[in-house]
Amino acid sequence: MLLHTRTTPAERRRALRARLAEPRLLVMPGALNPLSARLIQDTGYEAAYLSGAVLAADLGLPDIGLTTSAEIAARAQQTTRVTDLPVLVDADTGFGEPMNAARTVQLMEDAGLAGLHLEDQVNPKRCGHLDGKSVVPRTEMIRRLRAAADARRDPDFLLMARTDARAVEGLDAAIDRAKAYVDAGADAIFPEALADEAEFAAFRAAVPVPLLANMTEFGKSPLLTTTTLQNLGYDIALYPVTLLRLAMRAAEDGLRTLAADGTQESLLPLMQTRTRLYRLLGYQEYTDFDSAVHDTTLPPGT
């Protein structure tokens with residue numbers, strides 16, 4: 001990997017489709033920046049995720065619909081440039097009316113992503129695990145999804161629908177919405193904030209397309225193991241904010257230690273080494289490439 005990925009967006013989209021066709025759970029950690037996406041790939045995962053909550057937090061903003069489609073697409077492009085993994089992005093409500101959702105799909109296609117999910121909350125939205133959410137009428141979400149599906153230029157680009165209706169209208173209504181969203185063009189469903197394992201099972205029994213289980217920490221859903229999710233028949237286990245929470249806790253602890261001790265010496269065993277960072281970044285490959293370019297002797301007459 002040098003300067004860019006070795007695969008094309010089309011190849012990564014096909015890879016995600018093929019992987020979801022397998023009867024194995026796909027574990028999908030959320031990247032907090034492009035370097036962590038590289039780390040997700042380097043540690044053996046098969047896909048990565050970009051969370052709207054993480055992207056908002058990275059800008060010092062709450063997850064209440066303040067980010068724009070252009071900001072999300074720019075961050076996504078920076079991430080897809082450095083990983084050969086298919087990347088799924090959180091596109092919130094599509095950032096406006098159905099026409100905005102259509103434009104969002106094309107922005108995310110151009111950013112090299114493998115897919116996105118759109119949700120049925122009102123705009124501006126709220127974090128899916130907060131109280132006080134509101135959802136749009138089913139017909140409005142169907143219009144949003146149809147516009148997104150019609151705007152898609154690559155048929156392999158995954159269009160996932162997220163429903164937040166469980167907390168607002170109840171489980172049965174959320175399942176009914178999910179079925180309607182599939183009919184409107186959604187390839188996969190993301191049921192947000194399910195309350196227990198039985199509700200995950202009910203969704204699996206009722207909805208015949210790939211399902212995503214959101215295993216975000218400190219939320220309304222139990223943290224089911226990958227074995228449990230596999231046995232339930234789920235297709236994706238999502239860990240959207242895990243890396244951000246780990247990194248920010250470690251950074252806060254480190255800052256407090258530095259202030260108290262006047263040195264970072266005791267923190268060294270907790271740090272990624274310079275050697276590991278350089279290997280992750282591919283320093284040697286860049287050096288080899290640069291040397292090969294500058295050491296090249298052109299034949300006479302060229």
- Message: Does any part of the side chain of Ile236, heavy atoms only, come nearer than 4.5 Å to the side chain of Leu211, both counted from C-beta?
- Response: no
- Met28-Leu55 co-clustered via ILVMFWY side chain contacts under 4.5 Å: no
- Item | Shortest non-hydrogen contact from Asp42 toward Arg276 | OD2-NH2, 2.7 Å
- Message: Measuring from atom CG of Asp120 to atom CG of Asp164, what distance do you get when rounded to the nearest 0.5 angstrom?
- Response: 5.5 Å
- Query: So does Arg153 have more than 12 non-hydrogen atoms from other groups sitting under 6.0 Å from CZ?
  - Reply: yes
- Message: If you count heavy atoms of other groups shown closer than 6.0 angstrom to CZ of Arg103, is the number above 12?
- Response: no
- Verify, without hydrogens or angle tests, whether Arg144 (side chain) and Leu118 (backbone) share a donor-acceptor contact under 3.5 angstrom. no
- Query: Is a donor on one side and an acceptor on the other found under 3.5 Å between the side chain of Arg249 and the backbone of Leu244?
  - Reply: no
- Task: Taking all heavy atoms of Ser69 and all of Leu107, pick out the closest pair and write down the distance.
- Result: OG-CD1, 3.6 Å
- Single hit among Asp90, Thr104, Val89 for side-chain contact (heavy atoms from CB on, under 4.5 Å) with Ile72: Val89
- Query: Are Leu229 and Ile175 connected in the hydrophobic side-chain network, where two residues link if heavy atoms are under 4.5 Å apart?
  - Reply: yes
- Taking salt bridge (Lys or Arg N to Asp or Glu O under 4.0 Å) as the test, write out the residues that go with Asp183, two or more places apart. none
- Task: Kindly say whether Ala111 contributes a backbone atom to a donor-acceptor pair with the side chain of Thr80 at under 3.5 angstrom?
- Result: yes
- Item | Donor-acceptor side-chain pairing of Arg38 and Gln41 below 3.5 angstrom | no
- So, Tyr234 side chain and Thr226 main chain: donor-acceptor pair closer than 3.5 Å or not? no
- To the nearest 0.5 Å, what is the distance between OG1 (Thr216) and CG (Leu238)? 8.0 Å
- Item | side chain to side chain contact (heavy atoms under 4.5 Å, CB included) between Leu113 and Thr79, intermediate numbers included | CA-CA 9 Å; Leu113 290 155; Thr79 302; over 6 Å; no
- For Gln121 and Thr93, does a side-chain donor sit closer than 3.5 Å to a side-chain acceptor? no
- Donor-acceptor pair, Arg13 side chain versus Asp154 backbone, under 3.5 Å? no
- Flag side-chain contact, heavy atom, 4.5 Å: Tyr181 against Arg138: yes
- Hey, any chance Val209 and Leu171 share a hydrophobic cluster, counting ILVMFWY side chains that come within less than 4.5 Å of each other, even indirectly? yes
- Message: Run Arg12 and Thr83 through side chain to side chain donor-acceptor pair (under 3.5 Å) and show every step you take.
- Response: CA-CA 10 Å; Arg12 296 193 292 273; Thr83 178; over 6 Å; no
- Using a cut-off of 6.0 Å, state whether more than 12 heavy atoms not belonging to Glu265 lie near its atom CD. no
- Message: Quick one, Lys220 with Asp196, criterion salt bridge (Lys or Arg N to Asp or Glu O under 4.0 Å). Give me CA distance, side-chain angles, the key distance, then yes/no.
- Response: CA-CA 9 Å; Lys220 295 183 179 297; Asp196 53 37; over 6 Å; no
- Query: Would a 4.5 Å heavy-atom cut-off, applied to side chains only, mark Pro9 and Phe157 as touching?
  - Reply: no
- Message: Distance alone, cut at 3.5 Å: any donor-acceptor contact between the side chains of Glu197 and Thr228?
- Response: no
- Begin with the C-alpha distance, continue with both residues' side-chain angles, and end with the deciding distance and a verdict on side chain to side chain contact (heavy atoms under 4.5 Å, CB included) for Phe203 and Thr163. CA-CA 12 Å; Phe203 239 96; Thr163 179; 4.2 Å; yes
- Query: Got Leu26 and Leu20 here, is their nearest side-chain heavy-atom distance under 4.5 Å?
  - Reply: yes
- Message: Test of understanding: clusters of I, L, V, M, F, W, Y form through side-chain heavy atoms closer than 4.5 Å, transitively. Do Leu116 and Ile189 belong to the same one?
- Response: yes
- Query: Say you draw a straight line from CD of Glu71 to CG of Leu66; how long is it, rounded to the nearest 0.5 Å?
  - Reply: 9.5 Å
- Query: In terms of hydrophobic clustering (I, L, V, M, F, W, Y; side-chain heavy atoms under 4.5 Å; direct or indirect links), are Tyr45 and Leu212 co-clustered?
  - Reply: no
- Cluster companions of Leu258 among Ile, Leu, Val, Met, Phe, Trp, Tyr (side-chain spacing under 4.5 Å): none
- Do Gln77 side-chain atoms and Asp110 backbone N/O form a donor-acceptor pair below 3.5 Å? no
- Query: When rounded to the nearest 0.5 angstrom, what distance separates CG in Leu16 from CG in Asp187?
  - Reply: 10.0 Å
- Query: Taking atom CD of Glu97 as the centre, does the number of heavy atoms from other residues, nucleotides or ligands within less than 6.0 Å exceed 12?
  - Reply: no
- Residues Val168, Ser134; criterion side chain to side chain contact (heavy atoms under 4.5 Å, CB included); working and verdict: CA-CA 7 Å; Val168 181; Ser134 298; 5.9 Å; no
- Nearest heavy-atom approach of Leu88 to Met160 is CD2-CE, 4.2 Å
- Task: With rounding to the nearest 0.5 Å, note down the distance linking CG in Asn33 to CZ in Arg75.
- Result: 6.0 Å
- Considering non-hydrogen atoms only, spot the tightest contact between Ile142 and Ala184 and give its length. CG2-CB, 3.8 Å
- Task: Compare every heavy atom of Pro98 with every heavy atom of Ala147, then report the nearest pair and how far apart it is.
- Result: CB-O, 3.4 Å
- Query: How are the rings of Tyr278 and Tyr283 set to each other: parallel, tilted or perpendicular (split at 30° and 60°)?
  - Reply: parallel
- Between Ser266 and Thr257, what is the shortest heavy-atom contact and its length? OG-CG2, 3.5 Å
- Item | Donor-acceptor under 3.5 Å (Glu169 side chain, Ala165 main chain) | no
- Item | Interatomic distance, Met248 atom CE to Asp253 atom CG [nearest 0.5 angstrom] | 11.0 Å
- Message: By the definition side-chain contact (heavy atoms from CB on, under 4.5 Å), identify the one residue from Arg166, Glu119, Arg177, Glu140 that meets it with Val135.
- Response: Arg177
- Task: Determine, step by step, whether Thr43 and Leu39 satisfy the side chain to side chain contact (heavy atoms under 4.5 Å, CB included) criterion, reporting the C-alpha distance in whole Å, the side-chain angles of both residues, the deciding distance to 0.1 Å, and the verdict.
- Result: CA-CA 6 Å; Thr43 49; Leu39 184 61; 4.1 Å; yes
- Can you say whether the rings of Tyr49 and His117 are parallel (under 30°), tilted (30 to 60°) or perpendicular (over 60°)? parallel
- Item | Crowding at CE, Met271 (>12 non-hydrogen neighbours, <6.0 Å) | yes
